[in-house]
Amino acid sequence: MREDVESLDIRDVSANWVNARVLERQIEERIKALADLSDTPLFFGRLDYLHAPGADRAEGAEGERFYIGRRHVHDADGDPMVIDWRAPVSQPFYRASKKDPMDVSLRRRFGYTGGELTAYEDERLSDPAEEEKASRLLQQEIEKPRVGPMRDIVATIQPEQDEIVRSGLGGTVCVQGGPGTGKTAVGLHRVAYLLYAHRERLARTGTLVIGPNRSFLHYIEQVLPALGELTVRQATVDDLVAHVEVRGTDEAGAAVVKGDARMARVLRRAVYSHVSMPTEPVVVVRGSRRWRVPAYQLQDIVRELLDRDIRYGAAREALPQRIAHAVLVQMERAGEAPDDRVQDAVARTSAVKAAVKAVWPAVDPAKLVLRLLSDADFLAEHAAGILTEDEQKTILWARPARSVRSAKWSPADAVLIDEAADLVERTPSLGHVVLDEAQDLSPMQYRAVGRRCTTGSATVLGDLAQGTTPWATRSWEEALAHLGKPEAVIEELTAGFRVPTDVITYASRLLPHIAPGLTPVASIRENPGLFEVRPAAGTADVVAACAELLRNEGSVGLIAADARVPVLAEALSEAGLPYLAPGEETTRETRLTLVPASLAKGLEYDYVVLDEPQAVVDGEPDERTGLRRLYVALTRAVSGLIVTHGAPLPPQLG
């Protein structure tokens, strides 16, 4: 297939150099999408149907056989050899069961080692004599060591995951899932499915995956390319709102107020406060004649634009045309026959421009936010009845900046500027947005993401128990309202595929204290995993635990409170144990990653050493947030966890 594309000659089909460059680019992307991946097999399953799909199921009608894989593969004649996992005919591979065989007589799973076919396993779904049993190959694939970036899960998608993956483009889906339930993978595979089912539409409107930080995005960046999807953008919320350089931070109290949805009302008031009712007429000179638009008529025009509730900038652009139209009406009444060119000329006259500048001046979003945070009187005027006096004092800068460039903007300030920018000019909407680790977003950040999918849909992924910011999401209904998608469907994943039984059971002791009411994750893994809580006299014992786990196959993560990371880094170096930073790709030589607890969310390792749980809790501004951070750290392991501690364990762990 790749050779066919490489051999294409476009010299006779490109009308000009522009078309030629476009075709060349498309061919390059197609070749890149067809690249071989040495350890990724082209097919992982087979379906034998009792009858040909879609055919009349009359007695004697022959069945059909399909190989299921990550990509569509055809032979030299164009006949399909492997069917894409997203095709409708592939769906029974994930959904069929003994109770509902979906016309499948046999489902075969293939097992691979390093890209080489080493095993297969059959389920005769339509044979009443065969008992239903758990798939060993499925278990082995789920428990396969995690070395390198995140992998796709096309061979192991479960029925409840498949339902979310194949849900339509028109609706927004919110997935509440505990650690190891596969919510991130489900979100990424849903993007891949939507690009398959609605490729032309999404090619026009675009897709975006939003993650919590760069380390996380680097960890997941290979999943979609492995499925042949190369056009999906990845970004953090901070990337989306990067109107100014962020060089500062907020105290927790200020960040909470700035992230509150009420700030949107304050900003709206501040933006539209620049509009003033005209008190003087506009007089336009055309040749020897003067045309006068009285103040009361100008006021009617301004009120109409305000009532239409269009963007501030769009209304400002419409105002000169409205004034010019009023002049044209007078011209027509006087017997003239002006056309659109005359209206445009009138709209550009100095008199009209001066009136627009006085009545509806231009607003710079960053300068507006700068004034709100620097000028107590300006803030009080527009926050009256919305923010309390104490809240206003909390967000006011102690030392006002002189200019936008010199200001030490915080991440929350950048979100405010983005909100103001949208009030002035509408933010372009994408076709679909995936928002991962959503539980940590503030209401204003949800609004920023929602602006990027006003005419599209979204997949929202998160776990309320893992919210580790002071403004963490309290309920998905509330979050979806801020996102602008109150009608979204909320799904819950409770089957754990990643975290071993003993580990998730231990971590779930924290749930009553951090998220009462949430269903604990139930691990479906047969292997209980390695789990041990051991006292540590010092860093030497922590290093020894890391060395012990490195004797196993796979990656090892040493997770510790941020303040403990420098001490542990020095201890690892002295012991001669090389280590990586979060997001860096593991190699056979270096499989240990030193992870600050604040960056652990969304990452996974075969084995984890968790250093000083109480220090992780103490590193946060309040106990509940600290316990949530600890819950995240405890649930990063795929095969085993060793908890080391010199100080007493948090009492919530029992």
Side-chain angles (χ1 to χ4, degrees), residues 39 143-151 179-180 184-185 211-223 234 236 436-437 466 468 498-500 503-504 507 529-532 534 536 539-613 615-616 619 629-645:
D39 59 347
E143 296 177 14
K144 188 181 291 185
R146 263 65 169 171
V147 177
M150 182 179 179
R151 306 187 305 261
T184 296
N213 52 55
R214 284 272 142 216
S215 298
F216 178 83
L217 292 177
H218 183 67
Y219 177 64
I220 67 170
E221 67 184 358
Q222 296 303 318
V223 174
Q234 293 185 350
T236 64
D436 204 353
E437 300 295 349
Q466 295 186 59
T468 51
R498 172 169 57 79
V499 187
V503 175
I504 195 64
L530 165 69
F531 174 65
E532 189 178 344
R534 61 171 72 159
T539 55
D541 288 343
V542 180
V543 172
C546 293
E548 177 184 328
L549 292 179
L550 283 168
R551 298 188 194 111
N552 301 307
E553 183 185 1
S555 58
V556 177
L558 170 55
I559 303 177
D562 292 29
R564 294 264 302 161
V565 168
V567 177
L568 292 170
E570 185 178 346
L572 290 171
S573 298
E574 288 177 357
L577 278 183
Y579 62 90
L580 304 165
E584 293 182 344
E585 193 166 328
T586 54
T587 63
R588 290 185 179 179
E589 295 75 29
T590 308
R591 294 180 289 119
L592 174 64
T593 304
L594 177 56
V595 189
S598 62
L599 295 181
K601 193 170 297 178
L603 305 179
E604 59 183 38
Y605 303 93
D606 286 291
Y607 295 91
V608 167
V609 176
L610 175 59
D611 169 75
E612 291 295 355
V616 174
R629 184 76 72 190
L630 177 58
Y631 181 72
V632 171
L634 284 167
T635 54
R636 300 303 96 200
V638 176
S639 299
L641 169 68
I642 296 177
V643 178
T644 59
H645 67 101

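Atom set for the values below is all heavy atoms of this structure, side chains included, hydrogens, waters and symmetry mates excluded. Sequential numbering from 1 along the given sequence is applied to the chain's residues.
Residues passing the side-chain hydrogen bond (donor to acceptor under 3.5 Å, both in side chains) test with Asn213: none are found, sequence neighbours excluded. Residues forming a salt bridge (charged side-chain N to carboxylate O under 4.0 Å, His left out) with Arg636 (at least two apart in sequence, or on another chain): none. Among residues two or more places apart in sequence or in another chain, the salt bridge (charged side-chain N to carboxylate O under 4.0 Å, His left out) test is passed with Arg214 by Asp239. Applying the side-chain contact (heavy atoms from CB on, under 4.5 Å) test to Thr590 and every residue at least two apart in sequence or in another chain returns Pro578, Leu580, Thr587. Glu548 meets the salt bridge (charged side-chain N to carboxylate O under 4.0 Å, His left out) test with Arg534; sequence neighbours excluded. Remark: Phe531 pairs with Tyr506 by the ring pair (Phe, Tyr, Trp, His ring centres under 6.0 Å) rule, at least two apart or across chains. Every residue two or more places apart in sequence or in another chain was checked for a side-chain hydrogen bond (donor to acceptor under 3.5 Å, both in side chains) with Gln234, and none qualifies. Under the side-chain hydrogen bond (donor to acceptor under 3.5 Å, both in side chains) criterion, Glu221 pairs with His218, sequence neighbours left out. Residues satisfying the salt bridge (charged side-chain N to carboxylate O under 4.0 Å, His left out) criterion with Glu570, sequence neighbours excluded, are absent altogether.
To the nearest 0.5 angstrom, Asp611 atom CG is 4.0 Å from Arg564 atom CZ. Put simply, OG1 on Thr644 and CG on Leu610 are 7.0 Å apart, with the number rounded to the nearest 0.5 Å. To the nearest 0.5 angstrom, Leu592 atom CG is 9.5 Å from Leu549 atom CG.
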When the side chains of residues 593-603 are checked against the rest of the protein, which donor-acceptor pairs come out under 3.5 Å, sequence neighbours left out?
| residue | atom | partner | partner atom | Å |
| --- | --- | --- | --- | --- |
| Ser598 | OG | Asp562 | OD1 | 3.3 |
| Ser598 | OG | Asp562 | OD2 | 2.6 |
| Lys601 | NZ | Asp440 | OD1 | 3.4 |
| Lys601 | NZ | Asp440 | OD2 | 2.3 |
| Lys601 | NZ | Gln466 | O | 2.7 |
| Lys601 | NZ | Thr468 | OG1 | 2.7 |

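Counting all heavy atoms, side chain and backbone alike, Tyr605 lies closest to Ser555 at CA-OG, 3.5 Å. Between Pro500 and Ala637, the closest heavy-atom pair is CD-O, 3.4 Å. Of all the heavy atoms in Val616 and Ala560, the pair that sits closest is CG2-C, 4.4 Å. Between Tyr631 and Pro179, the shortest heavy-atom distance links the atoms OH-CD, 3.2 Å. Across every non-hydrogen atom of Pro613 and His645, the tightest pair is CD-CB, 4.0 Å. Listed here is the closest heavy atom pair of Ala563 and Pro566: O-CD, 3.6 Å.
Side-chain atoms of Leu568 and Leu558, non-hydrogen and from C-beta on, do get closer than 4.5 Å to each other. Side-chain atoms of Leu572 and Val543, non-hydrogen and from C-beta on, do get closer than 4.5 Å to each other. With a 4.5 Å cut-off on side-chain heavy atoms, Leu634 and Val499 do not count as touching.
Side-chain atoms of Arg591 come within 3.5 Å of backbone atoms of Leu550 as a donor-acceptor pair (strictly under, hydrogens ignored). Within the 3.5 Å criterion, the main-chain N or O of Val638 finds no donor-acceptor partner in the side chain of Asp606.
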task = Run the numbers on Tyr579 and Ser573 for side-chain contact (heavy atoms from CB on, under 4.5 Å), then give the verdict.
result = CA-CA 8 Å; Tyr579 62 90; Ser573 298; 3.8 Å; yes
task = Please test Thr635 against Ile504 for side-chain contact (heavy atoms from CB on, under 4.5 Å), starting from the C-alpha separation and ending with a verdict.
result = CA-CA 7 Å; Thr635 54; Ile504 195 64; 3.9 Å; yes
